[in-house]
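Each remark here refers to the structure printed beneath this line.
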Amino acid sequence: MKYNSKKIEEKWSRKWFESDVYYAKDFDEREKRYVLVEFPYPSGSGLHIGHAFSFTGGDVYARFMRMSGFNVLFPMGWDAFGLPTENYAIKMKRKPQEITKENTEMFKAQMKNLGFSFDWTREINTTDPRYYKWTQWIFLKLFEKGLAYKDEKPINWCPSCKIGLANEEVIDGNCERCGEGTTRRNLSQWIVKITDYADRLVEGLEDTEFVEKVKAAQINWIDRKEWIDITYDIKGVNERVVVATTRPDTNFGATFVVLAPEHDLVQKILGGKIKVGEDIEKIRGYVKESLKKSELDRQKDVLGRKKTGVFTGLYALNPLTKEKMPIWIADFVLSTVGTGAVVGVPAHDVRDFEFAQQFGLSIKRVVEDDKGNRGEVGSIENVFVGEGVAMNSDFLDGLKTKEAIEKIMNYLEEKGWGTRSIRYHLRDWIFSRQHYWGEPIPMISCEKCGWVPVPEEELPVALPEVENYEPTDTGESPLAKIEDWVNIDCPKCKGKAKRETDTMPNWAGSDWYFIRYIDPENDKALADKGKMKYWLPVDVYLGGDEHNTLHLLYSRFIYQFLYDLGEVPTQEPYFKRISHGVILGSDSQRMSKSRGNVVVPEDITNKLGSDVARTYLMFMGPFDSTIAWNEKSLMGVKRFAQRVYRFVTENIDEFSTKDSELVEQKINEVVGDVTKSIENFRFNTPVARLMETLNLFESVKGGEISKETIKNFLKLLAPYMPFLTEELWSILGEEFSIHTKPWPEYKKQILKTESIEIPVQVNGKMRGKISVRPEITEEQLKKKIFADESMKKHVVGDVKKLIYVKGKIVNIVCN
RNA sequence: GCCGAGAUGGUGGAAUUGGCAGACACGCAGGACUUAAAAUCCUGUGCCCGCUAAGGGCGUGCGAGUUCGAUUCUCGCUCUCGGCACCA
C-alpha cells in the first residue's frame, strides 16, 4: 500500500478534534501535568518555523505524558495585542479586531494541521475584553498596593513607531520592533515597582528547576549590589554632591568627581544658582550637546571611546584625604545609574583612567594588584579593577579589598559621610504605551482627587471604536482624541475627570495567561481557586531563549504579587523552564525576509506531510541548540515514514505472538532509551533509536516480530508521528485512539544470553573481541585470551596486570 | 570586559556513574530496477600507509596532567555562538 500522508492527516485531524482525546479534566484522579508552551503573537504571515519547533517539542512531551498516565493540560492561546497588527490596521484602514480574528483563525488551522494536541476548549485571547478585564484588574491591585505610580521619566522614544520603549525593548540603542535609532524624551508614565520584588525574584529561583543558564540570566539581569552613597561638601558654596560607589575602598585614590549632564547640580549651575568661575556658556554648550545625543550615540564604541567633558570650576572636598577634587560634567556618567554622580578613581577604573588622561587629572594607586605591583599606573593596561590589597590608604593599608570595603563603609557611616544602599540593575518597569492596540490602563485623572482607579465592577474598560489608530507626534495615545470616551465623571467626587489614554505594554497580557487557561470562562475571578490549586504550578514551561529574562521575570513578579494577595496557590508559577534554540536559515543566518532564507512550516507540510515536518524538527538536533535548516536531510525522515507504513501494512499478516530474542532485546532497550530521553527533553535521539529499530525489523522476517512489539513500536513513535501511527493503529484493528493508550513498559531484568562479546584492550588500545559466557571468571578469561593467537600477538613483554570490568571490557597491561 | 553555552567525519549530530568514538540521518561513490529520468532498493563511505587485500598507524579545537583506560575528570590556552554592558 502506498503511504498518502495528506489523506491520512486530514482524516485524523478531523476525528481528533471532534472527540475529546486531548481534553484536560479538572480535578481528575490521575496525577496532573501542566505543560505550557509560549503562546504566539498571531502575525499576518502565519506560523513561523520557530513556533512549529517549540510547539512540536511541547506536543511530543505532552503526548508522552498523557500516554504515561498523567492528566495533561496542554493549552494554547493568542498574545494578540501589539504593534504589527496596529501598523497593519493603519495601513489597510481596517480594524485591528478583525485582523486579529483572521490571524488567529489561520494560526489555529495551521496548528491543527500540524497535529498539536492542544485542548482547544481552553483557548484564550489577550485582546478579548473578557480576558483583559483581568489584566486591568491586576493593574488596579498593583495601584492599590502602591506598586504602580505615575512619574515623569526620561524614556526611550522611537521616533518611527512614535512609542515609548522600556530599556528592555531598546537593542543597541535601536527600537526592538522597527530597528530605528531611539532618542530620549520626558513623558509622564505609569511605572510599576518591580524592584520591590527584586530579592524575592532571586530567592524564588531556588524553588525551581530552571536550567542553569536561565537562572543565571535572571540573576544577572536583577544584579543586586551593595553600594554606599558618599556626600562631599563643595568648596566655597553651600552645596553638596552625593556620589554612589561599590568600591569605597579606593576612595583614598579619588582625584575628581563627575556629574551626569542631567544632574540637578548642573541645572543649578546653568540657572545661575551656583556661581562658578568657569565660562558658563561653555558648560551650557556641552550639556546641550550631550542631552541631544540619543542612547545610541552615547553608547557607541563604548570601549576606547574618547571621553568628553567640561570642568565646572567647583571642587568637592574629600573628607578622607582633605583634598579638593575638581567637579566635571561628562556624558559617560549615566543619570539613571546610582546617583548620577561618580567619584573618579583613575588608577582602578578604566573609564576614570581614560577621563583623567584626557584632561590631565592626577592618578593615584591605592590597591596593590594580584601580581604585587605597587608602582604608578601610567598606562591603561596597568589599571587594576580587580580585588587586591589596599595601600596609600591610611587605616585601610594592608587590608584585602573585601575587608577594606567593609571597614570603610562602617567608617563613612559612623562619620555621617555615607549611607549604604542596595541597588539593582533591574529598574522599575515603565508600564505606559502611547498606542491604541493594547489594554487601556483603568485609571481616571480627576482635577480634585488626582488619580482614581476605575471601580472594579466597571471593568473591563473596553477599547472604544476609533476612526484613526495613528499615534500622535505629541506622544499622546490615539485614544486621547476620542472625547466622549476620555471625558468622564470622577468615580469619587463625580466632578470633571479624564480617562488615562495610555495602554499597557505587550508584557501585561502575557504575564498571567497560564492562569487563565485553568478557567478561561470565569467572570468572577482570574480563575477558580480550587482549579488553580489542582493545576498550578506549571510543571514544564517551554519557550525561546529570548524570553528567559524579561517575560519570565515579569510574569514571575506578577505571580509573586498575586501570591501575596492570596490569589494564587504557590510562590512560583513555573517549576521547570526548558528553553530551546533558534532555527537558522540554510545559510546559518537568522531567518528574515530581507535575507530571503525564511522557511515556513506549510512549505514542508504541503510537500511531505505534518508527521515528517514534526519528526524532522525534532531529529535535526538537540532541542536546546541552535541549528541551521537543511532541506536535504528532510528526505531521510520522509523515507523513514514511508518505510514504517510499508513495513506494517505489508507484514500485517506475518506478525507472530512471540518475538525472537534479538527483537525482544532490541524493543526493550529502545523502550528504555526513548522513555528516558523524552523525560529529559532530548527529543532528537528517540527518532534515531526508532530508525534503528525499523532497520532491524526489516532485516528479520515478519514472523520474528510479535504484534505486541509492533504496537509498542507505534506507541513509541506516536508522539512524533501522531497521524501515521493513528492510521496504522487502526489498520492493525486496534481501538481509537493510540494517543490514549498506555506507554510501553521497560523490563528491567537483563535477558540471559548464551554468550557475550567482550572487547579486549592491550595497554588501552582496542585489539579485538572475544566471545565468552557472561559468568566467566577473570582466570578463565585470561586463559581464553592467551589461547587466541590473534590476541596473544599484541601482548609484548611481561603482563603486569589484567583488568576485567565484568561484562564490559578487558584491558591487559604489559611492557 | 562580565555571565552562560559550545568545539567530535564532507554535513546535522550519537556516545553520562571514565570502558568498543563516529549510532542515526544527510551527502557522496558504485550497483539493481527503468527506453530514460524521478522514486525505490542493495553495497561502500573518519583520515593516512598498504595492491580495491591481509595488516598497520593516526584520530573527538590546542598544550599539559590524573588513570590500566579520557570525547567524558583536573589545570592552562585558542576560537565560535548566545546574553549583558561607559552599571561606577
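Note on naming: letters A, B, ... go to the chains in the order of the sequence lines (proteins, then strands), and numbering restarts at 1 for each one.
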Applying the Watson-Crick and G-U wobble criteria at under 3.5 Å, what pairs with [N]? Answer none if nothing qualifies.
{"N": "C73(B)", "answer": "G65(B)"}
{"N": "C86(B)", "answer": "none"}
{"N": "A7(B)", "answer": "U78(B)"}
{"N": "A14(B)", "answer": "none"}
{"N": "A38(B)", "answer": "none"}
{"N": "A54(B)", "answer": "none"}
{"N": "U45(B)", "answer": "G27(B)"}
{"N": "G59(B)", "answer": "none"}

Any base atoms under 4.0 Å from R224(A), or only sugar-phosphate, or nothing? Heavy atoms, all strands.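 If one applies the 4.0 Å heavy-atom cut-off, R224(A) turns out to touch nothing in the nucleic acid.
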To the nearest Å, how far apart are [X] [atom1] and [N] [atom2]?
{"X": "W221(A)", "N": "G82(B)", "atom1": "CH2", "atom2": "P", "value": "17 Å"}
{"X": "K808(A)", "N": "C68(B)", "atom1": "NZ", "atom2": "P", "value": "18 Å"}
{"X": "Q642(A)", "N": "U40(B)", "atom1": "CD", "atom2": "C1'", "value": "9 Å"}
{"X": "K638(A)", "N": "A25(B)", "atom1": "NZ", "atom2": "C1'", "value": "17 Å"}
{"X": "E354(A)", "N": "C86(B)", "atom1": "CD", "atom2": "C1'", "value": "8 Å"}
{"X": "W328(A)", "N": "A88(B)", "atom1": "CH2", "atom2": "P", "value": "23 Å"}
{"X": "I803(A)", "N": "G69(B)", "atom1": "CD1", "atom2": "C1'", "value": "7 Å"}

Does NZ or CZ of K307(A) lie under 6.0 Å from the centre of the six-membered ring of F355(A), at an angle within 45° of the ring axis?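 No - K307(A) does not lie over the ring of F355(A) by the 6.0 Å and 45° rule.
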Which atom pairs link the protein and nucleotides 27-29 of chain B when you take only N or O atoms and keep those under 3.5 Å?
none

Using the [atom1] atoms only, state how far [M] lies from [N], rounded to an integer number of Å.
{"N": "G57(B)", "M": "U67(B)", "atom1": "C1'", "result": "24 Å"}
{"N": "A23(B)", "M": "G13(B)", "atom1": "P", "result": "15 Å"}
{"N": "A38(B)", "M": "C28(B)", "atom1": "P", "result": "11 Å"}
{"N": "G63(B)", "M": "G55(B)", "atom1": "C1'", "result": "33 Å"}
{"N": "C24(B)", "M": "G46(B)", "atom1": "P", "result": "12 Å"}
{"N": "G65(B)", "M": "C58(B)", "atom1": "C1'", "result": "22 Å"}

Parallel, tilted or perpendicular, as decided by the 30° and 60° cut-offs, for the rings of H580(A) and F623(A): tilted
Parallel, tilted or perpendicular: which fits the ring planes of W507(A) and H547(A), with parallel below 30° and perpendicular above 60°? perpendicular
What are the residues of residues 683-690 of chain A, sorted by number, that bring a heavy atom to within less than 4.0 Å of RNA chain B? N684(A), T685(A), A688(A)
For RNA chain B, what residues of residues 612-621 of chain A have any heavy atom nearer than 4.0 Å?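 Hits under 4.0 Å, by residue number: F619(A), M620(A).
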Can you check nucleotides 42-48 of chain B for protein contacts, nitrogen or oxygen pairs under 3.5 Å, and list what you find?
none

Between [X] and [N], does any side-chain N or O lie under 4.0 Å from OP1 or OP2?
{"X": "K213(A)", "N": "A5(B)", "result": "no"}
{"X": "K225(A)", "N": "A88(B)", "result": "yes"}
{"X": "R646(A)", "N": "U40(B)", "result": "no"}
{"X": "N695(A)", "N": "A25(B)", "result": "yes"}

Between A217(A) and G338(A), name the one whose nearest nucleotide on RNA chain B is closer to the 5' end. A217(A)
Result for 5'-nearest mapping on RNA chain B, choosing between A244(A) and P759(A), is P759(A)
Test of understanding: with salt bridge (Lys or Arg N to Asp or Glu O under 4.0 Å), list the residues that count as partners of D229(A), not counting sequence neighbours. R423(A)
Applying side-chain contact (heavy atoms from CB on, under 4.5 Å) to S586(A) and not counting sequence neighbours gives none
To the nearest 0.5 Å, how far apart are OH in Y720(A) and CZ in F683(A)? 6.5 Å
